[in-house]
Student: 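Supplied in structure tokens, the structure appears directly below.
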Amino acid sequence: MPDNDVKMYTLSTCSHCKATKKFFDECNVAYEFVDVDLLEGDERKAILEDVKKLNPRCSFPTIKIGNKVIIGYKEKEIREALGLS
Amino acid sequence: MNVEELYERLKKIQEAKGYYFNKDKKLTFELLEGLIANKNRYGFMACPCRLSSGDVEHDRDIICPCIYRVPDVEEYGSCYCGLYVSKQWNEDKMPHVYVPERRPPEKF
């Protein structure tokens, strides 16, 4: 598997976010995530600026795999970006 | 209110309107837990799949059931989260697609 840097912005309550985390776990893909809803004040604002740069709509999950941005739990696109068949 | 009570209460009200909980009970209960979490955090049941601003006026459109549920269930058989679906969707009589976000970008 290629060495991909996986980072995602999620909500702790969101079904699509949970499904994405589960998918990465099951595929043994290491990833970083931030549950944006659990942040408050300036910290939340700063992270939302980062999310907006990747996804102006600020919907969740917003996933960054290498240089590719995937909005939502799109399994096929995620697999392709990771080089998984 | 606990999640079972919320489930029973909403099921009765929403089924009468033609909206059904997703037959995947694990998913449904997780989303209902999210609604309870949002009620505790923000004071209103904001959609668990969207980031609430905490301002009830600004987020009126995403108080569950959100205003986008009607067109989403009509077009895709499911709301954005997958909490509410049509009978046909639950009976696998229509494809299960990833429902796109319908909330306008200016609301973010």
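Note on naming: letters A, B, ... go to the chains in the order of the sequence lines (proteins, then strands), and numbering restarts at 1 for each one.
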Student: Might you confirm whether atom NZ of A/Lys22 has over 12 heavy atoms from other residues, nucleotides or ligands at distances under 6.0 Å?
Tutor: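 Atom NZ in A/Lys22 is not crowded, with 12 or fewer foreign heavy atoms closer than 6.0 Å.
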
Student: Are there over 12 heavy-atom neighbours, none belonging to B/Glu15, within less than 6.0 Å of that residue's CD?
Tutor: yes

Student: Heavy-atom pairs under 4.5 Å with chain A are the metric here; pick the option from B/Cys49, B/Gly34, B/Ala37 that has the most.
Tutor: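 Highest number of heavy-atom pairs under 4.5 Å: B/Cys49.
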
Student: Examine whether an atom of B/Arg41 lies under 4.5 Å from a heavy atom of chain A, and if so say whether it belongs to the side chain, the backbone or both; otherwise answer neither.
Tutor: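 Interface part for B/Arg41: side chain.
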
Student: So which atom in A/Thr13 and which in B/Pro48 form the shortest heavy-atom distance, rounded to 0.1 Å?
Tutor: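 Closest heavy-atom pair between A/Thr13 and B/Pro48: OG1-O, 2.6 Å.
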
Student: Is the count of non-hydrogen atoms from other residues, nucleotides or ligands lying under 6.0 Å from B/Arg60 atom CZ greater than 12?
Tutor: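 Atom CZ in B/Arg60 is crowded, with more than 12 foreign heavy atoms closer than 6.0 Å.
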
Student: For A/Asn67, look at atom CG and say whether over 12 heavy atoms of other residues, nucleotides or ligands are found less than 6.0 Å away.
Tutor: no

Student: Return the minimal non-hydrogen interatomic distance between B/Pro104 and A/Arg57, and the atom names on each side.
Tutor: CA-NH2, 4.0 Å

Student: Do B/Ile63 and B/Leu6 share a hydrophobic cluster (ILVMFWY, side-chain heavy atoms under 4.5 Å, transitive)?
Tutor: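 No, separate clusters.
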
Student: Going hydrophobic residue to hydrophobic residue with side-chain gaps under 4.5 angstrom, can you get from B/Tyr84 over to B/Phe29?
Tutor: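 Yes; B/Phe29 is reachable from B/Tyr84 via cluster members.
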
Student: Which atoms form the tightest heavy-atom contact between B/Tyr80 and A/His16, and what is the distance?
Tutor: O-NE2, 2.7 Å

Student: Quick check on A/Glu40: does its CD atom have over 12 non-hydrogen neighbours (other residues, nucleotides or ligands) under 6.0 Å away?
Tutor: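 Counting other residues, nucleotides and ligands, CD of A/Glu40 stays at 12 neighbours or fewer.
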
Student: Let me know if A/Ile71 has heavy atoms under 4.5 Å from chain B in its side chain, its backbone, both or neither.
Tutor: neither

Student: Is there a continuous path of hydrophobic side-chain contacts, each under 4.5 Å between heavy atoms, that joins B/Tyr68 to B/Leu83?
Tutor: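 No, B/Tyr68 and B/Leu83 fall in different hydrophobic clusters.
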
Student: Would you call B/Leu51 and A/Val51 a side-chain contact if the rule is heavy atoms closer than 4.5 Å?
Tutor: no

Student: Would you name the heavy atoms of B/Arg50 and A/Leu11 that are closest together and state the gap between them?
Tutor: C-CD1, 3.4 Å

Student: Measuring from atom CG of B/Leu31 to atom OG of A/Ser15, what distance do you get when rounded to the nearest 0.5 angstrom?
Tutor: 4.5 Å

Student: Just so I understand: if I count every heavy-atom pair under 4.5 Å between each of B/Lys107, B/Glu106, B/Glu101 and chain A, which residue has the most?
Tutor: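 Maximum pair count with chain A is reached by B/Glu101.
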
Student: Counting heavy-atom pairs closer than 4.5 Å to chain B, which one of A/Arg44, A/Lys74, A/Lys52 comes out on top?
Tutor: A/Arg44

Student: What heavy-atom pair brings A/Pro61 and B/Tyr98 nearest, and what distance separates the two atoms?
Tutor: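 Between these two residues, the closest heavy atoms are CD-OH, 4.2 Å.
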
